Amino acid sequence: MDADNLVHMVNDIADFFVPSAGAQRAPAEVAAHVKRFWEPRMRRQIIEVWRTGKAPLSEAARAAVALLAQEAAAKG
Amino acid sequence: MYAIDHHDLGTPPADSAKLVNVEIDGQSIAVPDGTSVMRAAALAGVSVPKLCATDSLKAFGSCRLCLVEIEGRKGYPASCTTLVAEGMKIRTESEKLHALRKGVVELYVSEHPLECEGCPAENHCELQDMAAVHGVTGSPYLASDRRPPPVTHAAAAVEFETDGSNPYFNFNPELCIVCSRCVRACDETQGTLALTVQGRGLASQIAASQAERFLDSECVSCGACVEACPTAALSEKTLLAAPQPNRAITTTCAYCGVGCSLKAEVSGGEISRMVPARDGHANQGHACVKGRFAYGYATHPDRIKKPMIRAKISEPWREVTWDEAIGHAAREFKRIQAKYGRDAVGGITSSRCTNEETFLVQKLVRAAFGTNNVDTCARVCHSPTGYGLKSTLGESAGTQAFTSVMKSDVVLLIGASPTEAHPVFASQLKRRLRQGAKLIVIDPRVIPLVRGPHIEAAAHLQLRPGTNVAVITAMAHVVVTDGLVREDFVRERCEAESFEQWRAFVADKRNSPEATESITGVPAQTLRAAARMYATAGNGAIYYGLGVTEHSQGSTMVLGIANLAMATGNVGREGVGVNPLRGQNNVQGSCDMGSFPHELPGYRHVADAAVRGTFEADWGVTLREEPGLRIPNMFEAALDGSFRGLYVQGEDIAQSDPNTQHVVDALSSLECLVVQDIFMNETAKFAHVLLPGSSFLEKDGTFTNAERRISRVRKVIEPLAGLADWEVTVKLSNALGYPMHYAHPSEIMDEIARLTPTFTGVSYEKIDRLGSIQWPCNDAAPDGTPTMHIGEFVRGKGKFYITQYVPTRERTGQRFPLLLTTGRILTQYNVGAQTRRTSNTAWHSEDRLEIHPHDAEGRGIVDGDWVGIVSRAGETVLRALVTERMQPGVVYTTFHFPESGANVVTTENSDWATNCPEYKVTAVQVTKVDKPLDWQERYRQSREARQPAHRPAPTTA
């Protein structure tokens, strides 16, 4: 998967949810959307990209991927 | 000549619940008030002679053949224009009536050849019938100073020049009796008004436009005039080449999402012609140049008739047996899954295939492959519709039947050009507009409906591409701030919290028409007037196309459309609603059938354990709970090596998906690509297995059109390669070790009904009985559901969504100063695989770049010049068409020819929710060049070498 493309995609999702859900609730909405529509290897990769700390993720997108990472870690 | 099995009732039905009792030739009958005497007689089984009347056109009363006697009335009134009245006693036969009618027939034949042998309408000619009924074999009215009519039809064709310019039909003026049925059909059925009666008295004749050849005139070749003609003056050329048809099989058109019901007329092993079914629920007796005439591709020499395989895409193809090809494909898929994991393979279903076939492909992927990596071409067209309408209203489908538009007062048309892409619906829309309904067009281009013969939109919001969301939110701003919200509707039908949040959002001044004018290019006052017009319409209906969905904010725009409809109370009854105009014949159906990687049939998420359990119990497998890869994700995964095998049924992703180079790279990296198609398409160039597909004429099944209407596809001829598409999928599944047992597609539909709550009442028996069914069809709605969301939304309360405008990343600048947008033309269809192989190329033989005179002049470009189009994704060359249909700064092209390379320049930007590509906005530079690129020239030469004969080949069984 192209990492830049995944970053664009998750940022775009965040751009939709931030105005409606607000900064606090948006990350959960973004994470739910990604979980609902993204195939697992895409989710794994965006988490890897997030872990580098260098990806140009928006604030809400970053928080959303952090939630996905937590959930993945909890699942083991 | 109308369909050979059509029983004509003379005049259209009356729309009244009140019944009127009459007596016709001693028979009593009750008919709806407003029915003509002619129709009442026909319903009573009494055939009144006629020539100018037919039940698809309003009564005209010109031929004077249908005279009757009515007790208590003087004279001999025309039965077509006389309406029934309570207690009326009618006599249709008497010596006097016979004598009067005979005189009329003698006048007609005085101007018509008398020898019928060899006439294409022989045995179906209404004048011939009338002459026979009245014992007329000649005419006493041949005045000595007038030339007698030619004795034979062949002589007439020579003496009176036949216009054979249209590739599909002839016009022979000598056979014309000037009954005006063609003129009225062009007006009432098609709505183009290209035909007229020119001259007076005996010199009267039918003329196309200003007495031009049909091909050069405004005629759109819908064929309504040909069907309406009672003689052979207008007749299909195929009737000259093929034997007279003696059998008609009703099926469904395989072109656009209107899904017209057609009758294939057959004689022996050949299809003689295609005629729209007058009782067709979607099309009501109409068709377009594609559906009626452009079926010759089915027997084009390019058809693939033998399975083929090859080890590498650099090697030549080797013809093999079905068993060898299927066995090879299955072994390859199993090898790949064993080596790279089961998610390394997937499949793509087709919106051109039947419901049963798409259901089977997704079942094969989920059950036999054991993965959810299945997607469909709706990904690249209407996937945002599914997301947006499901989120707001609760169901991923349009809300109305097409006939609903006849009760609309204002139609808001967004990003769609029905006269070009959905012509039969466009005819109905134009009919309604001519009755007084108003039209608002939101489109970057001056589409034909903005201004045409007898049509003018009340408003055209000519926005900049990519700013839909800003426009729809600004319209909502006007509705809210002007106090036009239907508060009672919203209070009763919608979620209060989401509505209040939305109301506050759209009311913000930053969403006002004035604030967004500089972004959208739409003058604030124009937008305000349009919003008020829609909101106060009475019945306001929204129809939209790919100009809405194929954007980075496609889903947001669909949400915005649904918001506006709910806020104005325009959902849940006839005449209103939200109506996506689907591009292909079975886009709705392929989505319904579970073709998306996250949804099982009936739009139920794969994570839902209860739903999964139902399928697992029926299919005897364990299903995955995680969503699979979407088409663009499959390409990405192919490039990173985690996706190695793909089964593609009836799709040409190499031509239709954006950023061709990206797609080519992805397809080239696959270890096994299996393509099932009727032609060696662009995707097949990267395939290892080629399985011959079957056209819609070669199989049984169903299509579901844009109004959720499930219609039967019936086999007219045997599959050219021996197997229907569903049979191929069954064989592949069997070879993969997951046996499927179906003897007929009806059994697949039974399984769909068993597993899908919105289809539980659907069966072939019921479709055959009712003609068609609009889902949901279940215990609550056993005959189907023409209008959705009556009384309550499918999701319960309607939900509003915030639609913040976010500019696309695709921006213009110094390097790429223009925006390219794309669309279709009437005579061609999508990537052109079908229509390019018909005589429709007579109208459109190449794609052109439409450019505004201002942009052209600045670049030294004149009409017809070769122009290079460069984007950050690629480069192509087209001829320029300089036109004021475009606004400055925006260029446009169609994408019907592979050598055009429209998708060489489009980018992989996509909708945030669904990954639907942003075809409609690509930043480009356009410059004058000398010639096409080398690869384009090779394509063109290759195609021209295979150009079909001017006339469609007869279709042989």
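Here is the naming used below: chain letters follow the sequence lines, and residue numbers restart at 1 for every chain. All of these numbers come straight from a predicted model, not from anything done at the bench. All values below come from the heavy atoms of this structure, side chains included, with hydrogens, waters and symmetry mates left out.
- By the neighbour-count criterion of 12 heavy atoms within 6.0 Å, atom CD of Glu500(B) is densely surrounded, having more than that number from other residues, nucleotides or ligands.
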Q: List the steps and the verdict of side chain to side chain contact (heavy atoms under 4.5 Å, CB included) for Glu39(A) and Asp343(B).
A: CA-CA 10 Å; Glu39(A) 201 257 2; Asp343(B) 291 323; 4.3 Å; yes
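- For the atom pair CD (Gln45(A)) and OG (Ser642(B)), the distance works out to 8.5 Å, reported to the nearest 0.5 Å.
- Between Met9(A) and Asn915(B), the closest side-chain pair of non-hydrogen atoms falls below 4.5 Å.
- Looking at Asn5(A), only its side chain comes within 4.5 Å of chain B, counting heavy atoms on both sides.
- Rounded to the nearest 0.5 Å, atoms CD (Glu636(B)) and CZ (Arg41(A)) are 11.5 Å apart.
- What you find for Ser910(B) and Asp12(A) is that their closest heavy atoms are O-OD2, 4.4 Å.
- Residues of residues 25-36 of chain A that come closer than 4.5 Å to chain B, counting heavy atoms only, are His33(A), Lys35(A), Arg36(A), ordered by residue number.
- Residues Arg43(A) and Pro627(B) form a side-chain contact, since some pair of their non-hydrogen atoms from C-beta on lies under 4.5 Å apart.
- Within the 3.5 Å criterion, the main-chain N or O of Ser20(A) finds a donor-acceptor partner in the side chain of Gln501(B).
- To the nearest 0.5 Å, atom CD of residue Glu626(B) and atom CH2 of residue Trp38(A) are 14.0 Å apart.
- For the pair Gln804(B) and Pro19(A), the tightest heavy-atom approach, listed with the atom from each and the gap, is CB-CG, 3.6 Å.
- Residue Thr803(B): no heavy atom, backbone or side chain, is found under 4.5 Å from chain A.
- Considering all non-hydrogen atoms of both residues, Ile802(B) and Phe16(A) come closest at O-CE1, 3.5 Å.
- For Asn372(B), no part sits under 4.5 Å from any heavy atom of chain A, backbone or side chain.
- For Tyr801(B), the part sitting under 4.5 Å from any heavy atom of chain A is the side chain, from C-beta outward, and nothing else.
- In terms of the side chain to side chain contact (heavy atoms under 4.5 Å, CB included) criterion, residue partners of Asp911(B) (sequence neighbours excluded) are, by chain and number, Pro384(B), Ser555(B), Ala913(B), Thr914(B), Cys916(B).
- Using a 4.5 Å cut-off between heavy atoms, Tyr387(B) contacts chain A through its side chain alone, with no backbone atom that close.
- At least one side-chain heavy atom of Leu629(B) sits under 4.5 Å from a side-chain heavy atom of Met1(A).
- Here the side chains of Met42(A) and Arg630(B) are in contact, with some heavy-atom distance below 4.5 Å.
- Both the backbone and the side chain of Ala637(B) come within contact range of chain A, each with at least one heavy atom under 4.5 Å from a heavy atom of that chain.
- Here His605(B) is the residue among Glu908(B), His605(B), Glu599(B) with the most heavy-atom pairs under 4.5 Å with chain A.
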